[in-house]
Amino acid sequence: MKHELSKTYDPKSFEDRIYQNWCDKGYFTPDVADNKPPFSVVIPPPNVTGQLHMGHALDETLQDILVRYKRMQGFSTLWVPGTDHAGIATQIKVEEQLRKNENLIRYDLGREKFLERVWDWKHQYGSRIINQLKKLGTSCDWTRERFTMDEGCSRAVKEVFVNLYEKGLIYRGNRIINWCPHCITALSDAEVEYTEQAGSFWHIKYPIKGEDGYVEIATTRPETMFGDTAVAVNPSDESTKHLVGKTLILPLVGREIPVIADDYVEIGFGTGCVKITPAHDPNDFLVGQRHGLEQIKVMNDDGTINAYGGKYEGMDRYAARKALVEDLDAAGYLIKVVPHTHNVGACYRCGTTVEPMTSNQWFVKMEPLAKPALEVVYDGTVKFEPERFTKTYTNWMENVHDWCISRQLWWGHRIPAYYCDGCGEMVVSKTDVTTCPKCGKAMRQESDVLDTWFSSALWPFSTMGWPDKTPELAKYYPTSVLVTGYDIIFFWVARMIFSGLEHMGKAPFSTVFIHGLVRDAKGRKMSKSLGNGIDPLQVIDEFGADALRFALATGNAPGNDMRFSDEKIESARNFANKLWNAARFVLMNLDIDKVELPAAGELATEDKWILSRLNTLAENVTQNLDHYEIGVALANIYDFVWDVFCDWYIELSKPRLSAGDKIAQNVIAYVLSETLKLLHPFMPFITEEIYQTLPHESESIMISDFPRRRADLVFTEEEAEMERVIALIRAIRARRTEMGVVPSRRAKLSIVTRFGATFAAAVPFFQKLAGASEVKFVDAVTDPTAVQIITDSAVAYIPLADMIDFDAERARLTAELDKNLGEIKRIEGKLANAGFVEKAPAAVVEGERQKLEKYKEVRKGLEEALAKLG
RNA sequence: GGAGGCAUAGCUCAGCUGGUUAGAGUACUUGCUUGACAUGCAAGGGGUCACUGGUUCGAUUCCAGUUGUCUCCACCA
């Protein structure tokens, strides 16, 4: 029976069809009740607002490789997919749309109506990214798809919030937080991005009450002056000591403030006097607490100045700054303006400069949670791969501040706290509270929602049905590995670890496999504003998902950023094409219905050679994958497919295949199909398509057994024999091209060798691959006009006297001999070194001895050859 | 201020726990309608593995320092 593949590799013609079939067959859904060992992964949930970008493509490809590998190895493999509601990001998008299309702001609609719009958005775009994931070939269990705001996840959020609150780990307080005046919400420390900006130091006179003098204050944010409640100096600073206890008058404002002493002020920096604005600076806030200073907030939530700013009320903070500075100057209070570059924090979602402000917010107390989260990393329960990211994590966790979790948004999990306007009672509860338990009046729920990362932190167990004790949790929690980029170690990984420990009593995963960023061909971060993003869907459309996956998985070391370029994707596509054509060749020559590996005694040397090489490959790939060396694993397969299987085995087997040899057919079909299995986790579609056309045992390659090392397929001797033949063929080809012998010119070949049997069996190969017309085995060749080709196992002669330039030949042989003698000397030196022989491992010493033997063989050949030339 | 990455062929990058004749892709040179593939085949040129020390029998690999470069964290008004 002849099988066929279409003439050209056309991924579009089969990728969607194959994916649909996998889904229909339910291969992605594990049986919770089976007794296979578990392997589980939760997807880093993409934002519902998002489109699939290269970062996702990389992340998902790496996960799918691990998941498919483990599934083929017989694990009960669960990959939980889903999406994140992405609080701020999504709300911003919907608000933008609202403004653009209807010229409305969210308050025009009101909370409920606005949320309806966001849900509409979610329903419209949430499925888009899921479909894009499917295009990539991800083998997620879609029957368990989750959303951070679905019923189950929301229930987990409430449960966790109440638990933490009852343990005293969640509290509400008036603290200084980062405020985004554009998004009109508080942000956590992690959500602020700092960039260096050119600014100024404004030096301002603060007059001393009852004296003529003044104190010189330098500030980068003069508009916060309205909120100054003191000026501080260092108590040990001799030059400012006399000021302590005096009263200053705020210029233009006229309010009186004291001069206080605090160690926070650094001696010798600036003017030595610092204005203290407890409501608008984190350090000043602490100083204020120490000295019992009043907190005066001078800004509204949108960043405009409030009534404390007097005539500047209502102005934007920067407009107010400008006007204030002009007025100070006019009134003679401005001493000078000094240029100053400093780091300014911006909102990670909208880029607006954040304003530190005191505000009444909800916080998670981090210290008790951080401790065990550090322990599991210190003791190796949770490992980072590559290891260096351990430090990134521990450094952050060791210095973590309390986590501000409330957001003044509408889109998100509403905080389950209820207030009574009558008696002021507050209740935190998993279930809705409508009437006050104390006074019976109506309760209203907290209007704030939770930080979007609060729910993502619960993802590994909220997606498996927690707080219920589900079979999924019992079998698949903790998960096996978390795959993600180093950019969200703080946002997400850290918070999952302490949440898992706190609520499940176990860390949510044992390994964190970290990858880098995908950059453009010039090494720049892909971004919308630069317009340099490469759309993975377009790449899939043009080159196929397998090529994209190959390009992302190959040649990049764990944790390192990688560049994505046209070259890379083309080279990946070429590989797919190569494999496709190799398969076509195999199929064209196959007329068996079942692949059965012949007994060892029936196999030809080249069969044993390729089987032995395949065996080694399986062993190496397994080891690579177990160590998360995905790029190395793929490179090994690539080399085998192209350089070993295609370039040599296919060529070597052509004579037998065209003669209809069944042994050769079985071997080549076996090797191809095992190779496809090794490659399947990386390139799932093409491997399945080819597998299905070959005679095959399993219904699908994705549920077939991943190849293992087979002790019965170790053929060390035959492998070495074949390598000798290949080495000689290569040497002959090289000599011929070097002499300018056209390929069509065939020549008689005489071989002198002590490996007669090996080479005798290889006569057809010399004829087909080395331009030999006939091959003779002789004891010696005396003809001085024959071209001599020397390897460590044979000397070959080709009578091409007319092509030889004897002087050049002599020079070439001499140079080769020189090089050879150099190597011999080097190894002999090594072996003569007592230190080396004694201390180096025996295998290394033995290796050097064997190398020396080979070099000596070559030397013998070269010397004889030179002698013949005279 | 603190932490970390990177520096290997013209370019983009591999190189796992020290021993290789230092690799790949791409580009380049030469020659090929070899009956799977020109998205291909064959043969080649091209590297003082940033620099300086150290450890070792042996260092591209481990350690320290220097230079260049990138990133993260903290944030002194």
Side-chain angles (χ1 to χ4, degrees), chain A residues 5 7-9 189 194 201 217-221 224 232 264-266 269-277 281-284 287 340 342-343 345 386 388-389 391-392 395-396 399 486-487 489-490 516-517 521 523 543 554-557 559-568 570-589 620 623-624 627-629 631-632 635 638-639 643 646-647 650-651 654 658 730 733-738 740-744 768-769 771 819 822-823 826 830 833-841 843-845 847-848 851 855:
Chain A
L5 283 176
K7 180 99 181 161
T8 52
Y9 167 61
D189 293 345
Y194 289 89
F201 257 138
I217 299 291
T219 179
T220 54
R221 294 190 299 155
T224 62
Y264 157 66
V265 182
E266 193 184 318
F269 185 87
T271 64
C273 305
V274 182
K275 69 195 262 310
I276 300 298
T277 323
D281 182 280
N283 288 305
D284 294 5
V287 175
H340 176 67
H342 58 142
N343 280 328
R388 65 172 185 272
F389 290 102
K391 211 162 185 180
T392 309
N395 280 353
W396 186 80
N399 300 300
Y486 57 68
D487 50 334
I489 291 178
F490 308 134
L517 265 40
F543 297 94
T554 196
N556 113 281
N560 286 6
D561 290 354
M562 66 174 306
R563 299 187 193 205
F564 195 89
S565 61
D566 292 348
E567 273 178 15
K568 220 167 223 167
E570 277 168 24
S571 138
R573 187 266 325 264
N574 291 354
F575 175 65
N577 185 251
K578 184 73 179 176
L579 179 68
W580 185 262
N581 279 292
R584 271 185 61 217
F585 170 80
V586 172
L587 287 163
M588 287 162 85
N589 287 283
N620 289 341
Q623 212 172 76
N624 295 146
H627 292 109
Y628 300 99
E629 293 163 5
V632 180
Y638 177 97
D639 289 346
D643 302 339
C646 291
D647 287 352
I650 284 186
E651 294 306 325
K654 273 178 181 173
S658 54
R730 283 205 162 113
R733 282 171 175 173
R735 280 308 293 130
R736 288 177 54 116
T737 21
E738 206 175 315
V741 182
V742 291
S744 54
K768 189 172 157 32
L769 303 173
K819 203 176 151 195
E823 286 299 324
R826 192 178 61 85
K830 237 180 177 179
N833 181 342
F836 173 72
V837 181
E838 281 165 29
K839 295 184 185 173
V844 173
V845 178
E848 292 294 320
K851 244 192 280 177
Y855 279 119

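Throughout, protein chains are lettered first and strands after them, A, B, ... in sequence-line order, and every chain is numbered starting at 1.
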> Are the side chains of Arg563(A) and Ser565(A) in touch, meaning some heavy atoms are under 4.5 Å apart?
Replying inline: no

> Does the cation-pi check pass for Lys654(A) over Phe585(A), that is, NZ or CZ under 6.0 Å from the six-membered ring centre and within 45° of its axis?
Replying inline: yes

> On a whole-Å scale, what distance lies between the C1' atoms belonging to rG68(B) and rU8(B)?
Replying inline: 16 Å

>> Rounding to an integer number of Å, can you tell me how far Asp284(A) CG sits from rA77(B) P?
In response: 11 Å

> Base, sugar-phosphate alone, or nothing: which one does Ser565(A) contact when heavy atoms must sit under 4.0 Å apart?
Replying inline: nothing

> In terms of the nearest nucleotide of RNA chain B, which residue is placed more toward the 5' end: Thr219(A) or Gly835(A)?
Replying inline: Gly835(A)

>> Distance check, C1' atoms only: rG54(B) and rA59(B), in whole angstrom units.
In response: 11 Å

> Base, sugar-phosphate alone, or nothing: which one does Thr220(A) contact when heavy atoms must sit under 4.0 Å apart?
Replying inline: sugar-phosphate

> Below 3.5 Å, does any donor atom in the side chain of Glu651(A) face an acceptor in the base of rA36(B), or the other way round?
Replying inline: yes

> Does the side chain of Thr224(A) pick up a donor-acceptor pair with the side chain of Lys275(A) at under 3.5 Å?
Replying inline: yes

> Under the 3.5 Å rule, do the base of rC73(B) and the side chain of Asn395(A) count as making a donor-acceptor pair?
Replying inline: no

>> Suppose you measure atom P in rA42(B) against the same atom in rG4(B); what distance do you get, rounded to whole Å?
In response: 47 Å

>> In whole Å, measure the gap between the P atoms of rA9(B) and rA14(B) for me.
In response: 13 Å

>> So which atom in Gly516(A) and which in Asp561(A) form the shortest heavy-atom distance, rounded to 0.1 Å?
In response: CA-OD1, 3.5 Å

> How is Asn833(A) classified with respect to the nucleic acid when contacts are heavy atoms under 4.0 Å: base, sugar-phosphate, or nothing?
Replying inline: sugar-phosphate

>> By the 4.0 Å heavy-atom rule, please label Phe389(A) as base, sugar-phosphate, or nothing.
In response: nothing

> rG44(B) C1' sits how many Å from Arg736(A) CZ, rounded?
Replying inline: 17 Å

> Where the side chain of Arg584(A) is defined as all heavy atoms beyond and including C-beta, which of rC16(B), rC37(B), rA77(B) is the nearest nucleotide?
Replying inline: rC37(B)

>> Please report the distance, rounded to the nearest Å, between CG in Asn624(A) and C1' in rG15(B).
In response: 12 Å

> In terms of the nearest nucleotide of RNA chain B, which residue is placed more toward the 5' end: Lys654(A) or Gly555(A)?
Replying inline: Gly555(A)

> Do Leu517(A) and Tyr486(A) come close enough that some side-chain heavy atom pair is under 4.5 Å?
Replying inline: yes

>> Measuring only between side-chain heavy atoms, which start at C-beta, is Phe269(A) closer than 4.5 Å to Val274(A)?
In response: no

>> At 4.0 Å (heavy atoms only), tell me whether Arg735(A) reaches a base, stays on the sugar-phosphate, or touches nothing.
In response: nothing

> Considering only rU20(B), rA77(B), rA14(B), which nucleotide approaches the side chain of Tyr264(A) most closely?
Replying inline: rA77(B)

>> Roughly how many Å apart are rC13(B) and rU60(B), using the C1' atom of each and rounding to a whole number?
In response: 15 Å

>> Using a 6.0 Å cut-off, check whether atom NE2 of His627(A) has over 12 heavy atoms from anything other than its own residue.
In response: no

> Are the side chains of Thr219(A) and Phe201(A) in touch, meaning some heavy atoms are under 4.5 Å apart?
Replying inline: no

>> I want to check one thing: is the phosphate of rU21(B), taken as OP1 and OP2, less than 4.0 Å away from some side-chain N or O of Lys851(A)?
In response: yes

>> Contact between Ile489(A) and Phe389(A) at the side-chain level, heavy atoms closer than 4.5 Å - yes or no?
In response: yes

> Tell me: CZ of Arg388(A) to P of rG2(B), nearest whole Å?
Replying inline: 21 Å

> How far does the C1' atom of rC37(B) sit from the matching atom of rU67(B), given to the nearest Å?
Replying inline: 49 Å

> Expressed in angstrom and rounded to an integer, what is the separation of Lys768(A) atom NZ from rC32(B) atom P?
Replying inline: 19 Å

> So do the side chains of Trp580(A) and Thr8(A) get within less than 4.5 Å of each other, counting heavy atoms only?
Replying inline: no

> Nearest to the side chain of Arg826(A) - rG40(B), rU21(B), rA77(B)?
Replying inline: rU21(B)

> Ignoring hydrogens and angles, are the base of rU12(B) and the side chain of Arg563(A) linked by a donor-acceptor pair under 3.5 Å?
Replying inline: no

> How would you label the contact of Cys646(A) with the nucleic acid (heavy atoms, under 4.0 Å): base, sugar-phosphate, or nothing?
Replying inline: base

>> At 4.0 Å (heavy atoms only), tell me whether Pro841(A) reaches a base, stays on the sugar-phosphate, or touches nothing.
In response: base

> Which pair of heavy atoms, one from Thr737(A) and one from Arg733(A), lies closest together, and at what distance?
Replying inline: OG1-O, 2.8 Å

> Where the side chain of Ser571(A) is defined as all heavy atoms beyond and including C-beta, which of rU39(B), rG19(B), rG25(B) is the nearest nucleotide?
Replying inline: rG25(B)

>> From CD of Glu567(A) over to P of rA27(B), roughly how many Å is that when rounded to an integer?
In response: 7 Å

> Contact class for Arg733(A) (heavy atom, under 4.0 Å): base, sugar-phosphate, or nothing?
Replying inline: sugar-phosphate

> Short question: side chain of Asn556(A), backbone of Asn560(A) - any donor-acceptor pair under 3.5 Å?
Replying inline: yes

>> Heavy atoms from C-beta onward define the side chain here; which of rG31(B), rA77(B), rC41(B) lies closest to that of Asp647(A)?
In response: rC41(B)

>> Please pick, from rC75(B), rA36(B), rU39(B), the nucleotide with the shortest atom-to-atom distance to any side-chain atom of Tyr194(A).
In response: rC75(B)

>> Heavy atoms only, 4.0 Å cut-off, all strands: where does Ile650(A) land among base, sugar-phosphate and nothing?
In response: base

>> Distance check needed: rU39(B) P versus Trp580(A) CH2, whole Å only.
In response: 18 Å

> Taking the side chain of Lys391(A) as heavy atoms from C-beta outward, which of rC75(B), rC41(B), rA3(B) is closest to it?
Replying inline: rA3(B)

Find every protein N or O atom lying less than 3.5 Å from an N or O atom of nucleotides 69-71 of chain B, and list the pairs.
none

> Which atoms form the tightest heavy-atom contact between Val742(A) and Arg736(A), and what is the distance?
Replying inline: O-NH2, 3.2 Å

>> Suppose you measure atom P in rG45(B) against the same atom in rU29(B); what distance do you get, rounded to whole Å?
In response: 15 Å

> Looking at side-chain heavy atoms only, is the closest gap between Asn581(A) and Tyr9(A) below 4.5 Å?
Replying inline: no

> Side chain of Phe490(A): nearest nucleotide among rG4(B), rC73(B), rA74(B)?
Replying inline: rC73(B)

> Reading RNA chain B 5' to 3', how would its secondary structure be written in dot-bracket notation, given Watson-Crick and G-U pairs with both distances under 3.5 Å, brackets [ ] for crossing pairs and | for partners on other strands?
Replying inline: (((((((..((((.....[...)))).(((((.......))))).....(((((..]....))))))))))))....

> Closest to the Ala582(A) side chain: rA43(B), rA77(B), rA36(B)?
Replying inline: rA36(B)

>> Can you check the distance between rA36(B) and rC16(B), where both ends of the measurement are the P atom (answer in whole Å)?
In response: 39 Å

>> Measure NZ/Lys568(A) against C1'/rA27(B) and give the value in whole Å, please.
In response: 15 Å

> Just checking Tyr638(A): base, sugar-phosphate only, or nothing, at a heavy-atom cut-off of under 4.0 Å?
Replying inline: sugar-phosphate

>> Using a heavy-atom cut-off of 4.0 Å across all strands, would you classify Ala840(A) as base, sugar-phosphate, or nothing?
In response: base

>> Side chain of Asn560(A) only, heavy atoms from C-beta on: which candidate in rC41(B), rA14(B), rG35(B) is closest?
In response: rA14(B)

